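Let me begin by presenting the structure, written as structure tokens, before commenting on it.
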Amino acid sequence: TNPQSENYAFLIGLFSTLFCVNIVTGNVSIQLVSVSFLQIFRAISPGVTMFLSYFILTKKITVQQIYSMFPICLGVMLTIREEISLTAARFIITAVGTFLSALKAVLTNKFLVGSMALD
């Protein structure tokens, strides 16, 4: 057997686990918070994706990209403040779900482009 293919199989296994945990976390979030809150909170996904792309894919981020996230984050902060039934646990599970979703997107890019691209 080829060690490279074993490494890919391991990485695909980890990615599949991430994919499943992301789905479970998203479903738990839907049970704990309102759908509207979840969608508004997920609006920060592009910012989280940008952050992870910088560290994992070493993509450059422009100042304009960073500034474009300010209105979105401000809107999310204002919405969260008004959420009556929000508890720390509900906030954390929603934040983890958003993080996992962004991580999944970045790792998908890593698997499809560059040195780790699957043949």
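All values reported here derive from a predicted model rather than from experimental measurement.
Side-chain atoms of F15 and L11, non-hydrogen and from C-beta on, never get closer than 4.5 Å to each other. Two residues are said to be in side-chain contact when any heavy atoms from C-beta on lie closer than 4.5 Å; N22 and L103 fail this criterion.
Atom CG of L18 sits about 6.0 Å away from atom CG of L100, to the nearest 0.5 Å. The line from CD1 of I93 to CG of N27 is 10.5 Å long, rounded to the nearest 0.5 Å. Taken from CD in Q31 to CG in L38, the straight-line distance is 11.0 Å, to the nearest 0.5 Å.
Taking hydrophobic clusters as Ile, Leu, Val, Met, Phe, Trp and Tyr residues chained together by side-chain heavy-atom distances below 4.5 Å, I30 does not share a cluster with I23. F19 and I12 fall into different hydrophobic clusters, where Ile, Leu, Val, Met, Phe, Trp and Tyr residues are linked whenever their side-chain heavy atoms come under 4.5 Å apart, directly or through other members. Hydrophobic clustering of Ile, Leu, Val, Met, Phe, Trp and Tyr side chains at less than 4.5 Å, counting indirect connections, unites F55 with F99.
Heavy-atom minimum distance, S45 versus A102: O-CB, 4.2 Å. Here the shortest heavy-atom pairing between N109 and K59 reads ND2-NZ, 3.7 Å. Heavy-atom minimum distance, M50 versus M69: CE-CG, 3.3 Å. The minimum heavy-atom distance linking S53 with V106 is given by the pair OG-CG2, 3.5 Å.
R42 pairs with exactly one of T94, T98, V48 by the side-chain contact (heavy atoms from CB on, under 4.5 Å) rule, that one being T98.
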From CA spacing to verdict: side chain to side chain contact (heavy atoms under 4.5 Å, CB included), I61, F51: CA-CA 8 Å; I61 300 171; F51 174 80; 5.8 Å; no
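Side chain of S29 to backbone of T25: a donor-acceptor contact under 3.5 angstrom is found.
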